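Heads up: the structure comes next, in structure tokens.
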Amino acid sequence: MKKWLSNIGPGTLITAAFIGPGTVTVCTLAGVKFGYTLLWALALSIIACIVLQEMAARLGIITQKGLSEVLKSQFKNKVVRWILISIIISAIFIGNAAYEAGNISGGVLGLSTILGSPYVDLNGFSLNYVSLIIGVLAFILLYIGNYKILERSLIILVLFMSLAFIVTAIVTKPSLSSIFKGFVPDLESEKLFTIIGLIGTTVVPYNLFLHASLVKEKWNKSTDLPTARKDTIIAIILGGLMSMAIIIAGAAIQNTEVNNAADLAKSLEPIFGSTAKYILSIGLFAAGITSAITAPLAAAYVVKGCLGWDVGLKSRKFRGVWMFILLLGVVFSSLGIKSIEIIQFAQIANGLLLPIIAGFLLWVMNKKNLLGDYVNSNIQNILGFLILIVTVFLGARSVWKVIVNL
């Protein structure tokens with residue numbers, strides 16, 4: 001067990017980051033609306049995620065720099081460099097603060113399905129105490145500042161989350177033949193936005209920054225690349241199986257109004273018994289808390305790299321960034337503040353950021369002066385270019401959706 005744990009690395013933290021309440025909700029709605037028919041889209045999303053995250057990990061190990069640090073080094077023009085840095089910090093910093101509220105709220109939804117209302121009345125003032133509990137748990141793990149403790153805590157939570165979602169899917173007794181049919185591509189126009197949503201919740205821009213920074217905490221030699229690659233592939237496939245399990249569970253619901261994962265948990269109870277509700281609710285709680293830990297951590301790594309801080313996990317500057325993100329998330333979640341404008345900004349910023357970062361990553365992974373013999377192969381470039389086209393489409397759609405809704 002000790003040897004097995006020692007070989008597990010940052011890939012698990014990436015899985016913890018992208019399997020959050022947003023992913024759980026999108027996969028739930030995909031299953032409820034379209035049954036198993038979008039499993040193929042999720043499979044393609046997982047492949048895209050593996051391709052990009054492997055590039056980020058390889059970049060981090062070979063250069064021993066984070067993605068934002070490499071970006072700074074490749075643009076000599078100060079004006080261009082600071083424009084890019086400003087875009088990245090704005091998108092990651094404010095975007096992660098907005099999504100942090102969603103992560104904590106997702107964890108609250110999971111527990112409230114079991115415990116009932118999470119609100120307590122204090123002299124006419126309503127306070128969400130579960131948000132505070134989740135915030136304190138995330139704070140303790142981040143404040144310890146020990147990478148191994150953080151990594152292993154998230155490994156346990158991810159394994160727990162995996163078990164919860166996969167057991168829930170098994171309980172629904174799905175048709176295997178129907179599941180296999182779900183891997184046949186189907187591009188009906190009514191499914192397009194859901195397909196894009198599945199890609200958008202799996203291929204996350206801040207995860208590319210997080211992965212390149214985290215690998216340096218564990219590996220520092222080119223001989224570590226096969227281990228890092230294996231870690232990335234296994235962890236992301238595990239995340240993909242979790243997402244597929246949620247779609248399968250959602251497909252079991254018939255003629256029921258389901259708007260999020262908490263509704264799915266409640267809907268499963270009359271059909272499959274209270275056990276299914278509890279298992280899925282605990283899985284949603286784990287999804288919320290794991291993403292609540294990784295989002296502030298990613299923001300701190302991005303700011304550190306962009307501003308050139310030569311500091312560790314326990315430094316005041318580093319802690320100051322993640323504390324601010326975590327605090328905003330707890331406040332928005334516990335007070336029930338609807339941060340619509342911030343979330344809209346986050347959608348626009350991340351919609352613009354994803355193709356920019358994917359394009360930059362693809363460009364930099366072909367620079368011999370930076371990576372030597374570890375540049376992209378032809379196959380990796382072809383896959384990367386196809387993913388870039390999809391991310392441009394995804395980004396344009398994300399921005400357009402927000403503009404239309406203004």
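Worth saying up front: this structure is predicted, and the values here are computed from it rather than measured.
- Put simply, the residue from Leu388, Val51, Ile50 that forms a side chain to side chain contact (heavy atoms under 4.5 Å, CB included) with Leu383 is Val51.
- The salt bridge (charged side-chain N to carboxylate O under 4.0 Å, His left out) analysis of residues 26-44, with sequence neighbours excluded, yields no pairs.
- Legend: side chain to side chain donor-acceptor pair (under 3.5 Å) pairs involving residues 381-390, not counting sequence neighbours, sorted by first then second residue: Asn366-Asn381, Asn376-Asn381.
- With sequence neighbours excluded, the residues that form a side chain to side chain donor-acceptor pair (under 3.5 Å) with Tyr374 are Ser222.
- Looking only at side-chain heavy atoms (C-beta outward), Leu370 and Leu59 come within less than 4.5 Å of each other.
- The side chain to side chain contact (heavy atoms under 4.5 Å, CB included) test applied to Phe139 returns Tyr143, Trp322, Met323, Leu326, not counting sequence neighbours.
- Taking Val184 as the reference, nothing meets the side chain to side chain contact (heavy atoms under 4.5 Å, CB included) condition, with sequence neighbours excluded.
- Considering every non-hydrogen atom in both Ala228 and Ile61, the closest pair reads CB-CD1, 3.4 Å.
- With sequence neighbours excluded, the residues satisfying salt bridge (Lys or Arg N to Asp or Glu O under 4.0 Å) with Lys368 are Asp373.
- Residues passing the salt bridge (Lys or Arg N to Asp or Glu O under 4.0 Å) test with Arg229 are Glu54, sequence neighbours excluded.
- One finds the CG atom of Leu142 at 6.0 Å from the CD1 atom of Ile293 (value rounded to the nearest 0.5 Å).
- Put simply, the side chain of Ser315 does not reach to within 4.5 Å of the side chain of Trp309, judged on heavy atoms.
- Leu307 is listed as a side-chain neighbour of Ile89, based on a closest heavy-atom distance under 4.5 Å.
- Residues satisfying the side chain to side chain contact (heavy atoms under 4.5 Å, CB included) test with Ser86, not counting sequence neighbours, are none.
- One distance of note links CD1 of Ile237 with CG of Leu241; it measures 7.5 Å at 0.5 Å rounding.
- Counting heavy atoms from C-beta on, the side chains of Glu217 and Pro10 never come closer than 4.5 Å.
- Among residues two or more places apart in sequence or in another chain, the salt bridge (Lys or Arg N to Asp or Glu O under 4.0 Å) test is passed with Lys216 by Glu69.
- Of all non-hydrogen atoms in Ser281 and Gly110, the two that sit nearest each other are CB-O, 3.2 Å.
- Across Ile144 and Lys314, no two heavy atoms sit closer than the pair O-CE, 3.2 Å.
- The OG1 atom of Thr194 lies 12.5 Å from the CG atom of Leu42; values are rounded to the nearest 0.5 Å.
- Between Gln53 and His211, the closest heavy-atom pair is NE2-ND1, 3.0 Å.
- Met365 has its side chain out of reach of Gln380: every pair of non-hydrogen atoms, C-beta onward, lies at least 4.5 Å apart.
- Residues that satisfy the ring pair (Phe, Tyr, Trp, His ring centres under 6.0 Å) test with Phe209, not counting sequence neighbours, are absent from this structure.
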Ring pair (Phe, Tyr, Trp, His ring centres under 6.0 Å) between Phe34 and Trp40, intermediate numbers included: CA-CA 12 Å; Phe34 304 115; Trp40 67 269; over 10 Å; no
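- Screening residues 285-306 for ring pair (Phe, Tyr, Trp, His ring centres under 6.0 Å), with sequence neighbours left out, gives Tyr301-Phe318.
- Annotation: side chain of Met244 is in contact with side chain of Phe183 (closest heavy-atom distance under 4.5 Å).
- Applying the side chain to side chain contact (heavy atoms under 4.5 Å, CB included) test to Ala41 and every residue at least two apart in sequence or in another chain returns Ile195, Leu198.
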